[in-house]
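Encoded as structure tokens, the structure appears first; notes follow it.
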Amino acid sequence: MTTRTVTWTQSNARTLSRQGLDTPLRATPATVTSAMLAAQAQVLSAAELSVALRLGGGATRTTVRDALWTDGSLVKTYGPRGTIHLLARDDLPMWTGALTAIPGTTSRAPEAVGLTAAQTEQVIDAIADALTDAQLTTDELTEAIVARTGPWAGDPVMEAFQGKWARWRQVTHLAAHRGVLAFAPNKGRRVAHTNPQAVPMEQGEALGRLVVRYLRAYGPATSAHFAKWLAAPQGWAKELFRSSAAEGRIEPVRYEGDAAFVAAGDGEFPAAEPRGVRLLPYFDAYTIASQPRELLFPGPARERALAGGQAGNYPVVLVDGAVAGVWHQKRSGKRIAVTVEPIGESLDRASAREELAEQVERVAEVLEARATLTVGKVLVGAHA
């Protein structure tokens, strides 16, 4: 059987379509986030913008906030790469099952700081109990854990930014990956947590589903692409792809001359090339997950819009699916001043400038503000 060949242009067009980046989707914030797999949210306003820009119907940041804090269809928790993300609540069983199966996601602390295996389980049980149907700040949670375990859990032994943290906090990520800890609305300026009560899916099934979902969102891709996106060992990811192929979940293709995979039965791609201008915020899922990077960030865009090879550290301007600029915003009350730095000449055409202005207006709508646009000097190199 002949292995199908897929180009970057075809893959890019499909990803943009499936994520609502060519035409916004008439969907819910949870549905869109599920299509992205996850929305990185250590800067929550960026995650709100990522999700809302993919939604039709005049969705704003309030639309996303309501899904997160009111109806609960979105959950803010620790997701892939150990980073805070927004996840669809319906996806939590898959995510919790998969994240606990990735090797090397927990590190051994020095004996004077660390927890034994038994103590770890005691702390996780205490977190689950204390946060069930409750929303507690970190200090309140510390008191609740100590009351359920012992003073050792609250010992201030972990090096932190401004002092030392309680011993139990080294298992925060693990508790989230077990499905018993997520973020609740802040109490004033204090971070709060709750128990999302997610029952992890069996690990093998969770990993198999995650591979398929990843390939539907960002495929074709290689196991190395998947490992980078998930911050997992490459050898482990390679074996996971091998077993997924053996089970018939995924199938091989040629992608830009290399061996890659798509989800089984998901080999159709659009004939039309990607078109249009889009603004994407910090840490947008498309920017982080799309591969190969050298085609997403062509030429000087690689030096200007990637920080040491890491995607997401700059808000980017997409033109026809590739990075063609970076942008910045400065807010003052209800007004946002947007400055765009073009890279190359993709934004020179009149239609692109018109679309750029429309996209700035859309960003302002999402952020519930009014915008002004300034287009700066064209950057033709990393230090232009």
Side-chain angles (χ1 to χ4, degrees), residues 15-16 18-25 27 29-30 32-56 58-65 67-68 74 76 79-81 83-88 217-218 229 276-290 293 296-297 301 304-307 310-319 321-332 334-343 347 355-376:
T15 299
L16 292 167
R18 288 185 171 180
Q19 292 196 11
L21 288 175
D22 60 355
T23 303
L25 302 174
V32 165
T33 303
S34 188
M36 299 161 66
L37 280 179
Q40 196 162 321
Q42 72 266 43
V43 179
L44 182 56
S45 59
E48 293 168 349
L49 187 53
S50 277
V51 175
L53 284 174
R54 290 163 162 85
L55 290 168
T60 69
R61 61 183 182 176
T62 298
T63 309
V64 182
R65 290 174 182 177
L68 178 60
L74 288 178
K76 181 183 176 186
R81 303 179 298 280
T83 306
I84 298 171
H85 279 75
L86 302 185
L87 306 176
Y218 302 106
W229 170 74
V277 177
R278 292 292 181 270
L279 299 183
L280 299 182
Y282 290 105
F283 307 112
D284 189 85
Y286 174 86
T287 309
I288 291 172
S290 294
R293 286 269 172 86
L296 177 60
F297 295 86
R304 179 62 183 90
L306 287 176
Q310 181 177 343
N313 288 285
Y314 295 97
V316 299
V317 183
L318 294 182
V319 177
V323 174
V326 296
W327 64 282
H328 320 277
Q329 62 165 299
K330 184 176 181 180
R331 182 160 189 152
S332 178
K334 286 289 186 180
R335 299 196 68 85
I336 297 175
V338 174
T339 302
V340 171
E341 301 175 18
I343 301 172
L347 283 169
E355 288 186 70
L356 177 62
E358 291 171 358
Q359 286 298 299
V360 169
E361 290 299 319
R362 177 65 184 126
V363 167
E365 181 182 31
V366 169
L367 298 179
E368 299 167 336
R370 290 176 295 171
T372 59
L373 168 63
T374 301
V375 179

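Numbers for residues simply follow the sequence, beginning at 1. What you see is a predicted model; the values in this text were computed from it and never measured.
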Heavy-atom side-chain contact between P29 and T63 under 4.5 Å: yes

Close side-chain approach of D284 to L49, heavy-atom, < 4.5 Å: no

Is a donor from one side chain sitting under 3.5 angstrom from an acceptor on the other, for E368 and T62? yes

Nearest 0.5 Å, please: how far is CZ in F283 from CD in Q310? 7.0 Å

Check for a donor-acceptor pair, side chain of S290 on one end and backbone N or O of T287 on the other, with a separation under 3.5 Å. no

Minimum heavy-atom separation for R335 and A369, please, with both atom names. N-CB, 4.5 Å

L16 vs Y286, side chain to side chain contact (heavy atoms under 4.5 Å, CB included): CA-CA, chis, key distance, verdict: CA-CA 8 Å; L16 292 167; Y286 174 86; 3.7 Å; yes

Write down the atom of R293, the atom of I288, and the distance for their closest heavy-atom approach. NH2-O, 3.0 Å

Using a 4.5 Å cut-off on heavy atoms from C-beta on, say whether the side chain of L53 contacts that of R362. yes

Would you compute the distance between atom CE of M36 and atom NE2 of H85 and round it to the nearest 0.5 angstrom? 8.5 Å

Minimum heavy-atom distance V340-W327, with the two atoms named: CG2-CB, 4.0 Å

Decide yes or no for V375 and L347: does some side-chain heavy atom of the first lie under 4.5 Å from some side-chain heavy atom of the second? no

If you round to the nearest 0.5 Å, how far is OG1 of T374 from NE2 of H328? 11.5 Å

Could you please spell out the steps behind the side chain to side chain contact (heavy atoms under 4.5 Å, CB included) verdict for R18 and Y218? CA-CA 9 Å; R18 288 185 171 180; Y218 302 106; over 6 Å; no

Does the side chain to side chain contact (heavy atoms under 4.5 Å, CB included) test come out yes or no for V32 and Q19, once each step is laid out? CA-CA 7 Å; V32 165; Q19 292 196 11; over 6 Å; no

Does the pair L318 and L279 meet the rule for a side chain to side chain contact (heavy atoms under 4.5 Å, CB included), with working shown? CA-CA 6 Å; L318 294 182; L279 299 183; over 6 Å; no

Smallest heavy-atom separation, P24 atom then G56 atom, equals CB-N, 3.6 Å

Distance, nearest 0.5 Å, that separates CG of L356 from CD of Q359: 8.0 Å

Tell me which donor-acceptor pairs under 3.5 Å the side chains of residues 37-47 have, and how far apart each pair is, sequence neighbours excluded?
residue : atom : partner : partner atom : Å
Q40     : OE1  : R81     : NH2          : 2.6
Q40     : NE2  : Q42     : OE1          : 3.1

Please round to the nearest 0.5 Å and tell me the distance separating atom CD of Q329 and atom CD1 of I336. 5.0 Å

Minimum heavy-atom distance A311-L306, with the two atoms named: CA-CD2, 3.5 Å

Passing candidate, salt bridge (charged side-chain N to carboxylate O under 4.0 Å, His left out) with E48, options R65, R61, R54: R65

If the condition is salt bridge (Lys or Arg N to Asp or Glu O under 4.0 Å), which residues does R278 pass it with, not counting sequence neighbours? none

Over all heavy atoms of both residues, which pair between V326 and A305 is shortest? Give the atoms and the distance, please. CG1-CB, 3.8 Å

So V317 and V277, do their side chains get closer than 4.5 Å, heavy atoms only? yes

Within this structure, what is the CZ-CZ distance for the pair F297 and R304, rounded to the nearest 0.5 Å? 12.0 Å

